[in-house]
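One structure is given below, encoded as structure tokens.
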There are 2 protein chains.
Amino acid sequence: MEKVACCTRLLTVPLPQSDADELAARFKALADPARLRLLSLIAERGEVCACELVGPLGISQPTVSHHLRVLFEANLVERERRGRWIHYRVIDTTVDALREALTQTTV
Amino acid sequence: MEKVACCTRLLTVPLPQSDADELAARFKALADPARLRLLSLIAERGEVCACELVGPLGISQPTVSHHLRVLFEANLVERERRGRWIHYRVIDTTVDALREALTQTTV
DNA sequence: CACACATATCGACATATGTCAATATCATTC
DNA sequence: GAATGATATTGACATATGTCGATATGTGTG
């Protein structure tokens, strides 16, 4: 997926359709409690092995994997295979862009 | 709906289930392009009559009304009836809380 | 009260999404 | 190559969600 356009703000200018589509897709990835919690665990540690994410939330491995995929495809996390293991990290720029989208002008 | 807890951050501490549920509900309200665009129109003007929101996006009046309801129930907008008309405003504190949730510690 | 206008709600429909068991795929080891 | 371990994918299922036409509800006017 392509990156969110720099400095898109939804609260100050009428949002173009293309920006709305992209932002909505990202918010949709965040619109699930399990995914928020997974993202939180990843962000807290900086980098987490998938194996550490299966268990803490009390959901099945396929579900965890599915959620990680949603986060990955929304460009919210990056992943790196290390042998048998896959590590996940939060993509700060995407999160920053979402935060920016929620920002009002301060002028 | 109750307000988002002050200063919830999903990127710095493991997110409790209750916070995750609430945040997810709010992000879900933002997870639709039409709703983002409606919110954008409302925020840009500060206050908008529903009648001004039916048309710009090219979707039907019931759909607009439905979306406004979703935003309202997610506590993202407040509404006020003025005779035949209903006016909507963005609830800044909710948006601020969502932005805060996406904030990393800066220490 | 009847009528007009604004807007919410209902019901139907198509599509999307979360969950899990089973299984496929990838990497490692012997 | 076979076996093992980690993790993604598939398929089934139940539930959720976006859209719209029709209609209900609330407000204002004569």
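Below, chain A is the first sequence line, B the second, and so on; all start at residue 1. Worth saying up front: this structure is predicted, and the values here are computed from it rather than measured. Note: hydrogens, waters and symmetry copies are ignored here, and every other heavy atom, side chains too, is used.
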Give the rounded distance in Å between these two atoms: [atom1] of [X] and [atom2] of [N].
X	N	atom1	atom2	result
B:K28	D:dG18	NZ	C1'	13 Å
B:R79	D:dG26	CZ	P	12 Å
A:I59	C:dG18	CD1	P	11 Å
B:D32	D:dC20	CG	P	11 Å
B:L30	D:dT17	CG	P	14 Å
B:W85	D:dT25	CH2	P	22 Å
B:I86	C:dC5	CD1	P	18 Å
B:E73	C:dA8	CD	C1'	12 Å

### Task
May I ask you to verify whether the side chain of B:Q61 and the base of C:dA6 hold a donor-acceptor pair under 3.5 Å?
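No such pair is found, so the answer is no.
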
### Query
C:dT7 phosphate, OP1 or OP2: any side-chain N/O from B:Y88 under 4.0 angstrom?
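No, B:Y88 has no side-chain N/O under 4.0 Å of OP1/OP2 on C:dT7.
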
### Task
Check whether any side-chain N or O of B:T63 sits under 4.0 Å from OP1 or OP2 of D:dT19, and answer yes or no.
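Looking at the OP1 and OP2 atoms of D:dT19, neither is under 4.0 Å from any side-chain N or O of B:T63.
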
Would [X] end up clustered with [Y] when hydrophobic side chains under 4.5 Å apart are linked, directly or stepwise?
X	Y	answer
B:I59	B:Y88	yes
B:L36	B:V90	yes
A:V77	A:V48	yes

### Query
When you match B:R81 and B:A31 each to their closest nucleotide on DNA chain D, which lands nearer the 5' end?
B:A31

### Query
Any side-chain heavy atom of B:L68 within less than 4.5 Å of one from B:I42?
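Counting from C-beta outward, B:L68 and B:I42 do come under 4.5 Å.
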
### Query
Which of the following nucleotides, C:dT19, C:dT9, C:dA6, is nearest to the side chain of B:C51?
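That would be C:dA6.
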
### Task
Determine the contact category for A:H66: base if any of its heavy atoms lies under 4.0 Å from a base atom, sugar-phosphate if only primed atoms, P, OP1 or OP2 are that close, otherwise nothing.
base

### Message
Over all strands shown, is A:R35 touching base, sugar-phosphate only, or nothing at heavy-atom distances under 4.0 angstrom?
### Response
sugar-phosphate

### Message
Using a 3.5 Å distance criterion without hydrogens, assess whether the side chain of B:R79 forms a donor-acceptor pair with backbone atoms of B:R69.
### Response
no

### Message
If you assign A:S60 and A:R84 each to the DNA chain C nucleotide with the nearest heavy atom, which residue ends up on the more 5' nucleotide?
### Response
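Here A:S60 is the residue nearer the 5' end.
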
